[in-house]
J.: 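Quick one: this structure, given as structure tokens, is what I'll be asking you about.
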Amino acid sequence: MRLTRGLEQTIVYLFKDLPSAQSGDGDRGATGFWVYAETTAGRMPFIVTNRHVIEDGSTSIRFTSAHGYTITSAGDNLIWHSLSDNNADVAVAFASAEDVGHATGLLFPTTEFVMQDDIANLDIRFGDDVAMVGRHLNFDGKLTNDPTARFGHIVQFPGSPIQDERGRSHPAYLIQTPSLPGFSGSPVFLIQNEAEKERENSKMIFNKPARVPKLLGINIGHIPAYSPTYMASSGTRNEYVNAETNSGIIVVQPAWVIKATILDLLSKLEIPSHIAKY
């Protein structure tokens, strides 16, 4: 699996303050990414990240501009918005060039978000390939953003709500892929390989290009492994506790939650409700 060239340019790093964003020192923060919506008011850019990242105070941003150099901003002009439903771990901010000081890098179109109907329409299955792009805090780049890509597979579709460590409970994809703190807020892209589908249907063995990547959702955290505790005297199992190890599964809130948050923000900004080409 290979990513479409330039997807890494969608990535934004979030820090607790501007000096940290400028130096790469101090609190290391989390990940966000650029998207855009075509509206009747024109193309509108947004930064997307987790609600818990903003609640934790990481609002200063650093990103690679369209011209290839690093832009930092305290984010004072950004107004972060989340749905009134507290279970949605998504925050978005409208971000004009004036807000962030310069033109952005690559913006991912909201027309390529995976919606509920797309699961059937695109024949999305268990085992389909995904790619997550974000910050590996040990190798994220000190003065510039050096995003890391991680690859995995869909192992569960949104169904029963999954409760996170903050008490939020939400339907989500489960994805088998490595993750660490710092990848919170990372985009997770669906990479469907048409060659595999053709091979199933007609025994074709040559490769074909993959479909255009689509945004499956946003990483909201990884699931820790749990281990049982035992009574030393009797050897009986008591309760399960966080073993402080990573189970290799991440929780991905669906892209349709991001879309709903953007639409809600547009209504608050009094942008015409008709979203062209959405």
Side-chain angles (χ1 to χ4, degrees), residues 9-15 29-63 71 73-118 134 158 164 166 168-172 184-189 214-221 251-278:
Q9 295 174 21
T10 64
I11 299 304
V12 174
Y13 287 0
L14 292 107
F15 297 82
T31 305
F33 55 101
W34 290 103
V35 302
Y36 74 88
E38 293 284 4
T39 76
T40 51
R43 178 176 292 190
M44 300 190 68
F46 298 88
I47 299 175
V48 182
T49 190
N50 293 144
R51 179 188 295 208
H52 76 257
V53 169
I54 302 304
E55 290 174 343
D56 291 345
S58 294
T59 57
S60 293
I61 63 173
R62 188 173 82 187
F63 64 94
I71 302 295
S73 171
D76 294 340
N77 294 328
L78 299 179
I79 299 176
W80 292 94
H81 178 75
S82 296
L83 294 174
S84 57
D85 175 6
N86 189 52
N87 289 320
D89 195 4
V90 172
V92 301
F94 171 64
S96 68
E98 290 76 19
D99 289 329
V100 297
H102 205 276
T104 65
L106 180 69
L107 287 78
F108 195 81
T110 53
T111 51
E112 299 300 332
F113 283 17
V114 174
M115 299 290 102
Q116 289 104 317
D117 291 347
D118 288 329
D164 63 23
R166 297 168 184 82
R168 292 185 170 121
S169 184
H170 35 68
S184 287
S186 296
V188 178
F189 298 102
K214 291 186 175 291
L215 182 71
L216 190 71
I218 183 171
N219 177 23
I220 63 173
V251 183
V252 174
Q253 198 146 54
W256 58 77
V257 179
I258 302 173
K259 177 179 178 179
T261 309
I262 291 173
L263 290 173
D264 195 53
L265 175 55
L266 287 172
S267 70
K268 300 293 190 298
L269 295 172
E270 298 184 351
I271 301 299
S273 58
H274 173 66
I275 309 300
K277 302 180 184 177
Y278 204 97

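Residues: numbered from 1 along the sequence shown.
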J.: Quick one: list whatever passes ring-ring contact (aromatic ring centres under 6.0 Å, His included) with F189, sequence neighbours left out.
T.: F108
J.: Yes or no on side chain to side chain contact (heavy atoms under 4.5 Å, CB included) for L215 and F33, after CA distance, side-chain angles and deciding distance?
T.: CA-CA 11 Å; L215 182 71; F33 55 101; 3.9 Å; yes
J.: Testing L78, V35, D264, L265 for side-chain contact (heavy atoms from CB on, under 4.5 Å) with V92, which one passes?
T.: L265
J.: With sequence neighbours excluded, tell me which residues meet side chain to side chain donor-acceptor pair (under 3.5 Å) with D89.
T.: H52
J.: Could you tell me the separation between the CG atom of L107 and the CZ atom of F46, rounded to the nearest 0.5 Å?
T.: 10.5 Å
J.: Got a sec, which pairs hit salt bridge (Lys or Arg N to Asp or Glu O under 4.0 Å) with one end in residues 41-59, sequence neighbours left out?
T.: E38-R43, E55-R168
J.: On a heavy-atom basis, which atom in S186 and which in G134 lie closest, and how many Å separate them?
T.: OG-CA, 3.4 Å
J.: Heavy atoms only: give me the nearest A255-F113 pair and the separation to one decimal.
T.: O-CD2, 3.6 Å
J.: CG of L83 to CD1 of I262: how many Å apart, nearest 0.5 Å?
T.: 10.5 Å
J.: If every non-hydrogen atom of P171 is compared with every non-hydrogen atom of P158, which pair is closest and at what distance?
T.: CB-CB, 4.1 Å
J.: Give the C-alpha distance, both sets of side-chain angles, the deciding distance and a yes or no for side chain to side chain contact (heavy atoms under 4.5 Å, CB included) between F63 and I11.
T.: CA-CA 7 Å; F63 64 94; I11 299 304; over 6 Å; no
J.: What's the separation between atom OG1 in T31 and atom CG in N219, rounded to the nearest 0.5 Å?
T.: 8.5 Å
J.: Kindly determine whether F94 and I79 satisfy side chain to side chain contact (heavy atoms under 4.5 Å, CB included), including the steps that lead there.
T.: CA-CA 7 Å; F94 171 64; I79 299 176; over 6 Å; no
J.: For a quick test of reading the model, state the closest non-hydrogen atom pair linking V251 to A172 and the distance between them.
T.: CG1-CB, 3.5 Å
J.: Compare every heavy atom of A74 with every heavy atom of S60, then report the nearest pair and how far apart it is.
T.: OG-O, 3.4 Å
J.: Let me confirm one number: the CG-CD distance from L216 to Q253, rounded to the nearest 0.5 Å.
T.: 12.0 Å
J.: Sub-3.5 Å donor-acceptor pair from the side chain of N87 to the main-chain atoms of H170, do we have one?
T.: no
J.: Under the salt bridge (Lys or Arg N to Asp or Glu O under 4.0 Å) rule, what pairs show up with a residue in residues 75-88, not counting sequence neighbours?
T.: none
J.: With sequence neighbours excluded, what pairs up with Y36 under the ring-ring contact (aromatic ring centres under 6.0 Å, His included) test?
T.: none
J.: Compare every heavy atom of V53 with every heavy atom of A30, then report the nearest pair and how far apart it is.
T.: CB-CG2, 3.6 Å
J.: So, the side chain of S82 versus the backbone of V90: is there a donor-acceptor pair under 3.5 Å, distance only?
T.: yes
J.: Restricting to salt bridge (Lys or Arg N to Asp or Glu O under 4.0 Å), what partner residues turn up for D164, sequence neighbours left out?
T.: none
J.: Mind checking the NE2-CD1 spacing from H81 to I54? Nearest 0.5 Å is all I need.
T.: 13.0 Å
